[in-house]
Amino acid sequence: MVTASEIEQYQRDGYTVARGLFSAEEVAFYRSHFMTLREGQEHPGDFVGVPVERTPGAPSYDDKPDPLKQYPRMIHMHRWDETSLNWMIEPRINEHLTALLGAEPYAVQTMLYFKPPGARGQAVHQDQYYLKVQPGTCMAAWMALDDCDVENGCLQVVEGSQTWDVLCTIKADTTQSFTDVTVPLPEGVEPTPVIMKAGDVMFFNGQLVHGSFPNTTTDRFRRSLIGHYIVGEAQQVAGFYHPVLHMDGSPVELDVSAGGSSCGVWVEQDGSPVMEMRAVGGIAAPEHE
Ligand SMILES: O=C(O)CCC(=O)C(=O)O
């Protein structure tokens, strides 16, 4: 059941966490399933992250192999793995998405982050920058497969940023992030860590600024199973997210969106940061996050 306080938090902060939505046994099953799929095998779309770029003169670093090389992120598993497809359209997930959005969404993406000890995080970003849903936006269901805290790189969110337009991106610090783009935050605005237990599912708006810091533990993974969805009134989504599925797994025909024509930059007005929209022009959004 979706509670009134979950809906209220989603509307106010841009996210909510459904605590204990999946049982310990179910989570153990998913962990074992995805570790078996990962170990010793390659899958389409595996992503180890961008190379680390260090600024000249920055402190030297040890040459430890990047743990993501052994545990690349998996993407779009639902296109070849039935367990992933079934989880993406699972009735508990659908019930939450539908209650929070007010109408049933379409399903477009699955991802599995292994985030082993020592792995980089993902710099803060907005999912709608990639999905380019028109009209409306996207939404994520992010299920913790391990207990997540600041040490192992839990998700971090900028509460309330779901009301922002899509920001123009800047270069990320690739010593901390396995992707190379991020969004600038106004001075004094910091992301908040979301502490979760395995089996909790966080639902968040596609415009919410979110990301994660590195896993600084030496012995704890921070695995998460993620679904991305788009609002039911959407008519277009970026090409990478096709085929689009109804929540019963059947395909739906939508157009390919070319992307927005503007993105936001922070400017100061009367001493406060306000977002000003700029024509995108030559700024081409990467195909996917
Ligand atoms: O799990 C993370 O560290 C980031 C996940 C993310 O950005 C997403 O699900 O859109």
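Counting starts at 1 for both ligands and their atoms, following the listed order.
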Report task. Would you check whether Lys115 has a nitrogen or oxygen atom less than 3.5 angstrom from a nitrogen or oxygen atom of ligand 1? Result -> no
**Report entry** side chain to side chain contact (heavy atoms under 4.5 Å, CB included) partner of Met77, the single match among Thr83, Leu37, Leu85, Leu225
**Finding:** Leu225
Query raised in the report: Quick one: which ligand 1 atoms are inside 4.0 Å of a heavy atom on Ser212?
Result: 2 (C), 3 (O)
Query raised in the report: How far apart are the C-alpha atoms of Asp255 and Gln235, what are their side-chain angles, what is the distance that settles it, and do they pass the side-chain hydrogen bond (donor to acceptor under 3.5 Å, both in side chains) test?
Result: CA-CA 6 Å; Asp255 292 334; Gln235 283 161 16; over 6 Å; no
Report summary line: A student checking ligand 1 against Ile226 at a 4.0 Å heavy-atom cut-off should list atoms 9 (O)
**Report entry** Partner residues of Gln207 under the side-chain contact (heavy atoms from CB on, under 4.5 Å) criterion, sequence neighbours left out
**Finding:** Gln126, Gln128, Thr137, Val166, Asn205
Query raised in the report: Are any of the side-chain heavy atoms of Asp46 and Arg38 separated by less than 4.5 Å?
Result: yes
Requested in this report: Return the option from Arg223, His228, Arg222, Gln122 holding the heavy atom at the smallest distance from atom 1 (O) of ligand 1.
Outcome: Arg222
Query raised in the report: Mind checking what makes side-chain hydrogen bond (donor to acceptor under 3.5 Å, both in side chains) contact with Thr216, not counting sequence neighbours?
Result: none
Query raised in the report: Taking the side chain from His228 and the backbone from Tyr241, do they hold a donor-acceptor pair closer than 3.5 Å?
Result: no
Requested in this report: Indicate, as side chain, backbone, both or neither, the part of Gln109 found under 4.0 angstrom from ligand 1 when only non-hydrogen atoms are considered.
Outcome: neither
Requested in this report: Enumerate the atoms of ligand 1 whose separation from the nearest heavy atom of Leu155 is less than 4.0 angstrom.
Outcome: 1 (O), 2 (C), 4 (C)
Report summary line: So the atoms of ligand 1 within less than 4.0 Å of a heavy atom of Asp127 turn out to be 10 (O)
